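See structure below.
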Amino acid sequence: RLGVRRADDMHLTLEFGGGLELLFGSQKKHEVEVTSPDDLKEVTMESLLSWIKDNLIKERPEMFVKESSVRPGVLVLINDSDWELCGRLETVLEENDEVIFISTLHGG
Amino acid sequence: RLGVRRADDMHLTLEFGGGLELLFGSQKKHEVEVTSPDDLKEVTMESLLSWIKDNLIKERPEMFVKESSVRPGVLVLINDSDWELCGRLETVLEENDEVIFISTLHGG
Amino acid sequence: IAGLSHSLTAAQIQRYSRQLLLPSFGVKAQENLCKGSVLIVGAGGLGSPVALYLAACGVGCIGIMDPDRVELHNLHRQVIHNEASVGETKVSSASRTCLAINSSVKVVEYPFGLDARNALDIMAQYDVVVDASDNVATRYLVSDACVVANKPLVSGAALGMEGQLTVYNYLKGPCYRCLFPTPSPQAACQRCSDAGVLGVVPGIVGTFQALEVIKVLTKVGEPLSARMLILDALSSRIHTVKLRGKNTQCVACGELPQITHITLPNFDYEKFAASPMSDGTPPREQV
Amino acid sequence: IAGLSHSLTAAQIQRYSRQLLLPSFGVKAQENLCKGSVLIVGAGGLGSPVALYLAACGVGCIGIMDPDRVELHNLHRQVIHNEASVGETKVSSASRTCLAINSSVKVVEYPFGLDARNALDIMAQYDVVVDASDNVATRYLVSDACVVANKPLVSGAALGMEGQLTVYNYLKGPCYRCLFPTPSPQAACQRCSDAGVLGVVPGIVGTFQALEVIKVLTKVGEPLSARMLILDALSSRIHTVKLRGKNTQCVACGELPQITHITLPNFDYEKFAASPMSDGTPPREQV
Ligand SMILES: [Zn+2]
Ligand SMILES: [Zn+2]
């Protein structure tokens, strides 16, 4: 587990694929404890992205994030469902949610 | 959903594969409400099997159950995990658990 | 089966007997296959198993499109070719293998690449299109052309130890641009010639693509429309995820499409994708 | 790559270059493949893609075992054969296709069935065994023999629109008898000749079996030991589940095994499974 668990921390399982894992030390799966920003009780996808940028990413952040969202070509899945279906950046995450970031592949 | 939901009923998702679905009207997936037997609060795999035998099976029960368990050649998975790992017949089921019964295939 | 009124010959009944036995398949489904047609864009790692299995199961007309010739380093994954076909065009090598397995199907060879000018005319002749290509520019072209020509698109991709598969532009599902309105940055557009690929990975994805084509042609089962299959061969982890539906604002398949049969032929896909359609680009690390 | 001290020839480096590029694969893994050997029991629907992709990726020695001859109704799924090989033994037809793709590998033909007397001697010569057979009796024999000969077993099955795959007798995982100490009742032991099969289903399972063989031979990635891949082609649902570990009471791989190199050769597998090893049984509905 990454990070000491504080009272209102949220445990999430993050996965990076399609090459994105190269930005995270070539590790695909990460069990993390995410603190909800300042007084907000909720962790949204937007706060998760900035948490990842500040705590997890090892190199070339521009290959993962662009402005406040993910860079083009990255598919985001929350519990195996496209985040487009649950409100993209506004999606409110829950304890033990699984979030997958996967870059679309072009090879064949 | 099958069956009227009573207070202490438990909703389960059952799946039959590898040919077993032929005993259940060729329907693979069944969303069911299972009542825990008499005063017991719990639904175990054993009580689920007898519930299935009494309420769901359409033909040739001997091709599904044998004595109080499943007949040889049937693999039982609770939330994608072999029931051998969680106590076979004694396993206590929880709300919204997914139980898969799949007959081993021999063809090739 | 022979007694029923159907169009299968005795030889077809014998050849496809094991499929005809299937309760969920049967004569009507086989007839749909034998009358069906599929265009396979790419005769490489993905296209090999797609063409092999579609010829074997009896798809009436198979179009195969690829500008390249067979090379030795293709053979670890492009199992429709062999040592004797090195130097030959991929489409003629693939066609020979398909006809050797099933001489009753028709194979049409397109020894050149799909481009904005020829896409719509060629696609119009087929029921289903398979994207087995290897570059971003072609993937946008194939998707746009399928939307304009109103054809379902079975799209697969494979690189390294990973694979992805979905059916675009079918039922109420999204198209490629619905998912990716803007292309990935260049550094994320890798080829097998850059990042490498394990042979069986396009093998698994391509065989699965053949399954999706069969289901679209026969209307049997639920194809991967608005769902994506994700394969990680290293951990043998493979699962399907739920995708968004059509984007009403999509420039291709939305309510006010900018990509039409008039504008598509003049669209510069290589410029849009900032990468060429043909192989031979300098290696870049996939991110 | 050429500079490193390794045993690959220039031709091998060129042929396998796209695999050698893989960070997770590399020269050492390719050397393991080229020095590796695999016995494929069955040259049918599953054995076809297994043999094709293992020959293509360079497995040094491939043994193929099957007593049958190629028939027209095999060709919808057994894509290693073709119309010209109808009537020929399946092993010689398969061998020809493998060598056409990769003449640098060795293929050993066994034009007869595995049985209790020949199993141990033959298996002893191989690193990994693949169960691509089509009947219960053979599956128990192959599993028991792998336990006695201490070989990992990549076991696949396909029927109708469904497929299953796991790696038995490897690391701390179970063997076939750990999962199924008693065979299924006869009514549940169906063949493709009874219940039918869609060609791509053994195609997907068999290609996946080739992946598992590669991972066992190269020690790259996590193979499906104590996990099972379950495919339902109708809904394109494919997922892996977690299986029990070794059963210490197992008659084959347990602490006090009754199946040993002494008892195995005299064990009557057809009687135990109440069904014959060869094809041609009367049709029964799969339950
Ligand atoms: Zn669209
Ligand atoms: Zn055992």
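Numbers restart at 1 for each chain; the letters A, B, ... are given by sequence-line order, proteins then strands. What you see is a predicted model; the values in this text were computed from it and never measured.
- Heavy atoms closer than 4.5 Å to chain D are found in the side chain of C/R227, but not in its backbone.
- D/Q164 places no side-chain N or O within 3.5 Å of a backbone atom of D/M228 that could act as its donor or acceptor partner.
- Listed for the D/T166 side chain is no donor-acceptor partner under 3.5 Å among the backbone atoms of D/A226.
- Between chain D and the options C/L22, C/V79, C/I214, heavy-atom pairs under 4.5 Å are most frequent for C/L22.
- Between the C/D66 side chain and the C/A43 main chain, a donor and an acceptor come within less than 3.5 Å of each other.
- Listed options D/G58, D/S103, D/S85 were ranked by heavy-atom pairs under 4.5 angstrom with chain C; first place goes to D/S103.
- No donor-acceptor distance shorter than 3.5 angstrom exists from the side chain of D/S93 to the backbone of D/T89, with no hydrogens or angles considered.
- Looking at heavy atoms from C-beta onward, C/L33 lies in side-chain contact with C/T218 at the 4.5 angstrom threshold.
- Within the 3.5 Å criterion, the main-chain N or O of D/C57 finds a donor-acceptor partner in the side chain of D/Q30.
- For the pair C/E83 and D/R15, the salt-bridge criterion is met [side-chain N within less than 4.0 Å of a carboxylate O].
- Contact of D/S24 with chain C is made through the side chain alone, with heavy-atom distances under 4.5 Å.
- Of the listed residues (D/G221, D/P49, D/G196), the one with the most heavy-atom contacts under 4.5 Å to chain C is D/G196.
- The part of C/L231 that comes within reach of chain D is its side chain, from C-beta onward, which places non-hydrogen atoms under 4.5 angstrom from that chain.
- Using a distance-only test at 3.5 Å, with no hydrogens or angles considered, a donor-acceptor pair links the side chain of D/S37 to the main chain of D/D127.
- In this structure, the side chain of D/Q12 engages the main chain of D/T9 through a donor-acceptor pair within 3.5 Å.
- Looking at D/E71, neither its backbone nor its side chain comes within 4.5 Å of chain C, counting heavy atoms on both sides.
- In terms of non-hydrogen atom pairs under 4.5 Å with chain C, the most contact-rich of D/L75, D/T97, D/I204, D/L198 is D/I204.
- Interface remark: of the candidates D/Q14, D/H239, D/H81, D/Q14 forms the most heavy-atom pairs closer than 4.5 Å to chain C.
- Residue C/N102 touches chain D through both its backbone and its side chain, counting heavy-atom pairs closer than 4.5 Å.
- Chosen from D/D232, D/T240, D/V197, D/V205, the residue pairing most often with chain C at heavy-atom distances under 4.5 Å is D/V197.
- Contact of D/F25 with chain C is made through the side chain alone, with heavy-atom distances under 4.5 Å.
- D/L20 is listed as a side-chain neighbour of D/L8, based on a closest heavy-atom distance under 4.5 Å.
- Ranked by heavy-atom pairs under 4.5 Å with chain C, the list D/L52, D/V220, D/V200 is led by D/V200.
- Side-chain contact, D/K35 with D/S7: no donor N or O sits under 3.5 Å from an acceptor N or O.
- At a 4.5 Å heavy-atom cutoff, the contact between C/A11 and chain D is made by backbone atoms alone.
- Within the 4.5 angstrom heavy-atom criterion, only side-chain atoms of C/E212, from C-beta onward, approach chain D.
- Looking only at heavy-atom pairs under 4.5 Å with chain D, the residue among C/K215, C/H76, C/E222 that has the most is C/H76.
- For a residue to count as touching a neighbouring chain, one of its non-hydrogen atoms must lie under 4.5 Å from one of that chain's; by this rule C/L229 touches chain D with the side chain only.
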